[in-house]
S.K.: 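First the structure, which I've put down as structure tokens, then a few questions once you've had a look.
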Amino acid sequence: MIVAEQKPIQEIKTMMAKYQKILVVGCGTCVTVCMAGGEKEVGIIASCLRMALKLEGKEPEIIEGCIQRQCEWEFIDELKEKVEGVEAVLSSACGVGVQALAERVGNKPVYPALNTTFMGMPKEHGLWVENCRGCGNCGLGKFGGICPIARCSKELLNGPCGGSQNGKCEVNKEMDCGWQLIYERLNVLGQLDQIEDIILPEDWSTDRDKGQRRILREDVKI
Amino acid sequence: MAKSFKEILSSGEFVITSEIGPPKGTNVEKMVHHIELLKDKVHGLNVTDNQSSVMRLSSLAACHIIKDNGGEPILQMTCRDRNRMALQSDLISAYVLGIHNVLCLSGDHIYLGDHKGAKQVFDLDSVQLIAAVKGLEQGKDLGGNALDGAVEFCVGATATPEADRMDAQLLKFRKKVKVGAEFFQTQAVYDMEKLKAFMEYAMQFEVKILAGILVLISPGMAKYLNANVAGVTVPQELIDEMTGVEKGKALQKGIEIAARQIKQIKEEKICPGVHIMAIGKEEIVPEILAMAGL
């Protein structure tokens, strides 16, 4: 899922201070699961924003809302009336949701309440980790199901660097060395031969490097 | 004409390389002084490439200055700051400037340095960079395009003989050999038994391994290395030795230890050479060499 975290309330306050009527709108999908921008968090963000603005002598009207998915037109359209009645929208969806909302509502400014951080999963309660970079050319089959691009801090493809120590990364002693994990996993699987050969430079043209990526499928077009 | 570094490597002579740290800024006076001091005492002078992810004068410019001053430069190139276009372009540039030795490294993570918010590159890794050099030698770039004039380098890489998870490190080592590394300059080694164990493995390959000698300048440095630098372990007895001297004599003790290690490596034929790192204190290298009988 997409993992995000809430922006500091000071930053949100600075963005929203000039408005008298604001809609705070959450998303019921990824950011609900990662406890950053669902219905419950919308309530908290709206309350914090009210208090922060009140301390500056401002008392804007703040309306709350939440839709199932902010990244699909059909759900966004449910918000039409609510959006028409406000000056600005504060979205607690991921960056995809914020942009979808901004595009659909057109004439109203939409602001982000979250920092969208990565594609990942909750590893334990309260800890989310990045596991995929969306490079567009999945090589997980070769690496024992552990991605060197997402999980090696240098995105190395041919083995660990000299900064790997005690199975941890030189960047942060709490962070596993992705390559140590790959090596151990392939060892368990008896597949170390898969990485013995030289892995050629990555073709980054499937990554972000050709601009906004899109998938066009004629078979599902209407 | 003096022998090239490549010729020295195959000559059977005990190989000595050392390192020059480029300045952060345009004042090259101290660096030139170090070059003059060392150029005739070692077979090659490495120039670090934005070492520890700290922005400095480029390795390429400093290597050119070494060349101008009559030394044999070894261009260190990391994959952190340049994509494959820039790396290949710099390799060609180095070659036409008369720089014919290159050491390929991944490079420290950008977060460890003085531009923590900078975007790091790592378009290639060190294995792929070595392969890129070999490609340029064949007259082809990584895009498969023909060059008008090929390069010819003596290509080196690094290894970590004291790594605590050796199997994965040896995988990388094998790959570096496979793509064409001719020599290795190792991370600092202090435990000769671990170095011997590594060499027992490495000896099966046709490459020259120069043992990394990092001169200890204080007991604090030894403790810092143990706490913060991956793949480097200063044994307790060396820390005790450094601590046991009277105030102001620690550097002298560090010089003694380095000289002792070099002597042992040479006499016991553990490695065919050494790479001496005296970060920022390059002026002590001649004394180390003299003390080691070199």
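All of these numbers come straight from a predicted model, not from anything done at the bench. Below, read A as the first sequence line, B as the second, and so on, with proteins coming before strands; counting in each chain starts at 1.
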S.K.: Could you check whether any side-chain heavy atom of Ile199(A) comes within less than 4.5 Å of a side-chain heavy atom of Lys175(B), counting everything from C-beta outward?
M.R.: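 Answer yes - side chains close enough.
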S.K.: Go through the atoms of Asp197(A) and report whether side chain, backbone, both or neither lie under 4.5 Å from a heavy atom of chain B.
M.R.: both
S.K.: For each of Asn166(A), Ile195(A), Leu156(A), tally heavy-atom pairs with chain B at distances under 4.5 Å, and name the one with the top tally.
M.R.: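 If we count pairs closer than 4.5 Å to chain B, Asn166(A) comes out on top.
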S.K.: Please determine whether the number of non-hydrogen atoms from other residues, nucleotides or ligands lying under 6.0 Å from atom CD of Glu206(B) exceeds 12.
M.R.: no
S.K.: Could you grab the distance from atom CH2 of Trp179(A) to atom CG of Asp125(B), nearest 0.5 Å is fine?
M.R.: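 One finds 8.5 Å between CH2 of Trp179(A) and CG of Asp125(B).
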S.K.: Atom NZ of residue position Lys24(B) - does it have more than 12 heavy atoms of other residues, nucleotides or ligands inside 6.0 Å?
M.R.: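 Above 12, so yes.
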S.K.: Could you tell me whether Tyr201(B) atom OH has more than 12 heavy atoms of other residues or ligands within 6.0 Å of it?
M.R.: yes
S.K.: May I ask you to test the Gln128(B)-Leu200(A) pair for a side-chain heavy-atom distance under 4.5 Å?
M.R.: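 No - every pair of side-chain heavy atoms lies 4.5 Å or more apart.
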S.K.: Can you name the closest pair of heavy atoms from Lys172(B) and Asn158(A) and give their distance?
M.R.: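 Minimum heavy-atom contact is CD-O, 3.3 Å.
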S.K.: Just by modelled atom types, is the Val121(B) backbone N or O under 3.5 Å from a matching donor or acceptor in the Lys154(A) side chain?
M.R.: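 Not at all, since once roles are kept as given, no pair shorter than 3.5 Å links the two residues.
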S.K.: Counting heavy-atom pairs under 4.5 Å with chain A, which one of Arg80(B), Lys176(B), Arg174(B) comes out on top?
M.R.: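 The answer is Arg174(B).
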S.K.: Nearest 0.5 Å, please: how far is CG in Asp167(B) from CG in Leu192(A)?
M.R.: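 Between Leu192(A) CG and Asp167(B) CG, I get 8.5 Å after rounding to 0.5 Å.
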S.K.: If we only count heavy atoms from C-beta on, is the Asp123(B) to Pro201(A) side-chain gap below 4.5 Å?
M.R.: no
S.K.: Is it the case that over 12 heavy atoms from other parts of the model lie below 6.0 angstrom from the CZ atom of Arg50(A)?
M.R.: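 Yes, because the 6.0 Å sphere around CZ of Arg50(A) holds more than 12 heavy atoms from other groups.
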S.K.: Counting only heavy atoms from other residues, nucleotides and ligands, does the tally under 6.0 Å from CD of Glu72(A) exceed 12?
M.R.: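 Yes, CD of Glu72(A) has more than 12 neighbouring heavy atoms, counting only those of other groups under 6.0 Å.
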S.K.: Counting only heavy atoms not in Phe118(A), do more than 12 sit closer than 6.0 Å to its CZ atom?
M.R.: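 Buried by this count: over 12 neighbours within 6.0 Å.
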S.K.: If you count heavy-atom pairs within less than 4.5 Å of chain B, which of Glu202(A), Lys168(A), Gln180(A) leads?
M.R.: Gln180(A)
S.K.: By a 4.5 Å heavy-atom criterion (distance strictly below it), what part of Lys173(A) contacts chain B: side chain, backbone, both, or neither?
M.R.: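 Contact with chain B involves the side chain of Lys173(A) alone.
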S.K.: Using atom types as modelled and distance alone, determine if a side-chain donor or acceptor of Glu170(A) lies under 3.5 Å from a backbone N or O of His109(B).
M.R.: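 Checked: pair present.
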S.K.: If you look at every heavy atom in Pro160(A) and Ala168(B), which pair is closest and at what distance?
M.R.: CD-O, 3.5 Å
S.K.: Do side-chain atoms of Gln169(B) reach the backbone of Cys161(A) as a donor and acceptor pair under 3.5 angstrom?
M.R.: yes
S.K.: Glu184(A) versus Arg165(B): any side-chain heavy-atom pair under 4.5 Å?
M.R.: yes
S.K.: Measuring only between side-chain heavy atoms, which start at C-beta, is Leu171(B) closer than 4.5 Å to Glu196(A)?
M.R.: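 With C-beta onward as the side chain, the pair touches.
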S.K.: Quick check on Glu200(B): does its CD atom have over 12 non-hydrogen neighbours (other residues, nucleotides or ligands) under 6.0 Å away?
M.R.: no
S.K.: Rounded to the nearest 0.5 Å, what's the gap from CD1 on Ile110(B) to OG on Ser153(A)? Could you check?
M.R.: 11.5 Å
S.K.: Could you pull out the closest heavy-atom pair between Phe122(B) and Trp204(A), with the gap in Å?
M.R.: O-CZ2, 4.5 Å
S.K.: Going from CG on Leu124(B) to CD on Glu155(A), what distance comes out if it is rounded to the nearest 0.5 angstrom?
M.R.: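 With rounding to 0.5 Å, CG (Leu124(B)) is 11.5 Å from CD (Glu155(A)).
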S.K.: Give the minimum heavy-atom separation between Asp164(B) and Gly167(A), together with the two atoms involved.
M.R.: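 Nearest pair, atom of Asp164(B) first, then Gly167(A): OD2-N, 4.2 Å.
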